[in-house]
> 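A single structure is presented below for examination.
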Amino acid sequence: METETATRWLTDDEQCTWRTHLEVNKLLMHQLEKDLQPFGLTNNDYEILVNLSESAERRMRMSDLAAATLQSKSRLSHQITRMENAGLVRRENCESDRRGLYAVLTDDGIATMQKVAPHHVASVRKHFIDLLTPEALSDLREALSPVADHLRGRRGKL
């Protein structure tokens, strides 16, 4: 058993930075979700559509899609069912693995992406990108990259 060490409490500056990050993340995700509502989509729906639209043959194994979107297989299955009912995706059996399933972007799903993507990009620009200078964007990317790399490396360990 590891010996516990004293807690390294956050400094005032660290606490302020952490809380600002949390607030910005929550507010931005809330705003982006709100801007997707007129299209009948959630952030999770849009993320799935993006992943499928950028994949070969516009399809992904359900297990890969769950990993890419950081969702449990069960939660993804429920979401895909809802999206199937809306005509955005369909499931197909995996011929090489009888237990495997693919999520496939339908023609309606492609049309939805083509309609929604310009609005989503405009929302991202309005509420994030255009509020920062190119230098600030570069600094932010550089600052957050080690965190993203660290967390990506831990995904298989969780």
Side-chain angles (χ1 to χ4, degrees), residues 10 17-132 136-158:
L10 300 180
T17 301
W18 173 242
R19 289 185 180 184
T20 299
H21 163 73
L22 291 177
E23 182 179 23
V24 166
N25 186 54
K26 287 179 187 177
L27 290 169
L28 182 58
M29 291 300 102
H30 176 77
Q31 184 63 55
L32 295 177
E33 182 106 16
K34 184 177 172 186
D35 291 347
L36 286 171
Q37 284 177 350
F39 302 99
L41 298 175
T42 66
N43 283 329
N44 286 338
D45 295 336
Y46 189 78
E47 183 181 17
I48 288 168
L49 293 176
V50 167
N51 273 277
L52 293 175
S53 71
E54 294 176 349
S55 295
E57 299 179 32
R58 295 186 172 136
R59 67 187 199 161
M60 290 179 74
R61 288 181 66 100
M62 291 284 286
S63 56
D64 293 338
L65 186 56
T69 59
L70 299 177
Q71 294 188 55
S72 70
K73 291 177 187 176
S74 173
R75 179 175 176 179
L76 178 67
S77 180
H78 289 295
Q79 185 156 2
I80 292 296
T81 297
R82 192 176 54 73
M83 293 175 76
E84 271 184 306
N85 292 336
L88 300 172
V89 300
R90 69 176 180 274
R91 293 174 213 229
E92 288 182 359
N93 290 323
C94 177
E95 294 191 20
S96 64
D97 176 4
R98 296 276 182 210
R99 296 178 302 158
L101 286 174
Y102 285 105
V104 182
L105 194 60
T106 63
D107 290 342
D108 285 347
I110 294 165
T112 297
M113 278 299 296
Q114 291 170 340
K115 179 174 72 172
V116 175
H119 296 278
H120 180 70
V121 169
S123 181
V124 169
R125 283 200 161 282
K126 178 180 179 181
H127 302 296
F128 183 71
I129 299 295
D130 291 345
L131 299 175
L132 301 169
L137 285 169
S138 179
D139 290 346
L140 184 59
R141 183 177 53 253
E142 186 175 325
L144 293 177
S145 288
V147 177
D149 292 345
H150 167 76
L151 294 172
R152 266 189 231 104
R154 293 199 42 82
R155 278 179 56 189
K157 299 173 185 171
L158 299 177

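Just so you know, these numbers come straight off a predicted model, no measurement behind them.
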> In Å, rounded to the nearest 0.5 Å, how long is the span from CD of Glu92 to CZ of Arg59?
5.5 Å
> Measuring only between side-chain heavy atoms, which start at C-beta, is Tyr102 closer than 4.5 Å to Arg90?
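No, too far: nothing below the 4.5 Å cut-off.
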> I'd like to check Ile48 versus Ile80 (side-chain heavy atoms, cut-off strictly below 4.5 Å). Are they in contact?
yes
> Begin from the C-alpha positions of Met83 and Leu49 and carry the test side-chain contact (heavy atoms from CB on, under 4.5 Å) through to its verdict.
CA-CA 10 Å; Met83 293 175 76; Leu49 293 176; 3.7 Å; yes
> Grab the two heavy atoms, one from Cys94 and one from Arg61, that are nearest each other, plus how far apart they are.
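Smallest interatomic distance, heavy atoms only, reads SG-NH1, 3.1 Å.
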> Determine the minimum heavy-atom distance between Gln114 and Pro118, stating which atoms define it.
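That would be O-CD, 3.3 Å.
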> In terms of heavy-atom contacts, does CZ of Arg19 have more than 12 from other residues, nucleotides or ligands at under 6.0 Å?
no
> Ignoring hydrogens and geometry, is there a side-chain-to-backbone donor-acceptor pair from Glu33 to Asn43 under 3.5 Å?
yes
> Suppose we screen for side-chain hydrogen bond (donor to acceptor under 3.5 Å, both in side chains). Which residues come up paired with Ser55, at least two apart in sequence or across chains?
none
> Using the side-chain hydrogen bond (donor to acceptor under 3.5 Å, both in side chains) criterion, which residues pair with Asn25? Sequence neighbours excluded.
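Testing Asn25 for side-chain hydrogen bond (donor to acceptor under 3.5 Å, both in side chains), a comparison that skips the adjacent residues, returns none.
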> Taking atom CG of Asp149 as the centre, report whether more than 12 heavy atoms of other residues, nucleotides or ligands fall under 6.0 Å from it.
yes
> A side-chain contact here means heavy atoms from C-beta on lying under 4.5 Å apart; do Asn93 and Leu101 qualify?
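With C-beta onward as the side chain, the pair touches.
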> So, do Asp45 and Leu88 sit near enough that their side-chain heavy atoms are less than 4.5 Å apart?
no
> Taking atom CG of Leu32 and atom NZ of Lys34, what is their separation to the nearest 0.5 Å?
11.5 Å
> If you round to the nearest 0.5 Å, how far is CZ of Phe128 from CG of Leu28?
7.0 Å
> Of the non-hydrogen atoms in Asp108 and Gly87, which two are nearest, and what is the gap between them?
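Looking at all heavy atoms of both residues, the closest pair is CB-O, 3.3 Å.
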> For Ser77, what residues pass the side-chain hydrogen bond (donor to acceptor under 3.5 Å, both in side chains) criterion, not counting sequence neighbours?
Arg91
> Apply the test side-chain contact (heavy atoms from CB on, under 4.5 Å) to residues Met113 and Val50: give CA-CA distance (whole Å), side-chain angles for both, the deciding distance (0.1 Å), then the verdict.
CA-CA 8 Å; Met113 278 299 296; Val50 167; 3.7 Å; yes
> Of all heavy-atom pairs between Ala66 and Leu76, which one has the smallest distance, and what is that distance?
N-CD2, 3.4 Å
> Any side-chain heavy-atom pair from Val89 and Leu52 closer than 4.5 angstrom?
yes
> Determine whether a donor-acceptor pair (N or O, by modelled atom type, separation under 3.5 Å) exists between the side chain of Ser123 and the backbone of His119.
no
> Find the distance between CG (Asn51) and CE (Met60) and round it off to the nearest 0.5 Å.
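Reported to 0.5 Å precision, the distance equals 5.0 Å.
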> Nearest 0.5 Å please: distance from the CD atom of Gln79 over to the CD atom of Glu84.
12.0 Å
> Within the 3.5 Å criterion, strictly below it, is a donor on Gln31 or Asp35 matched to an acceptor on the partner's side chain?
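Looking only at side-chain atoms, Asp35 and Gln31 do form a donor-acceptor pair, the distance falling under 3.5 Å.
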> How far does CD of Glu54 sit from CG of Leu105, to the nearest 0.5 angstrom?
11.0 Å
> Name the one of Leu41, Thr69, Thr42 that satisfies side chain to side chain contact (heavy atoms under 4.5 Å, CB included) with Glu47?
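Only one of Leu41, Thr69, Thr42 forms a side chain to side chain contact (heavy atoms under 4.5 Å, CB included) with Glu47, namely Thr69.
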> Testing the basics here: between Leu132 and Ala136, what is the closest heavy-atom pair and its distance to 0.1 Å?
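Minimum heavy-atom separation between Leu132 and Ala136: CB-CB, 4.1 Å.
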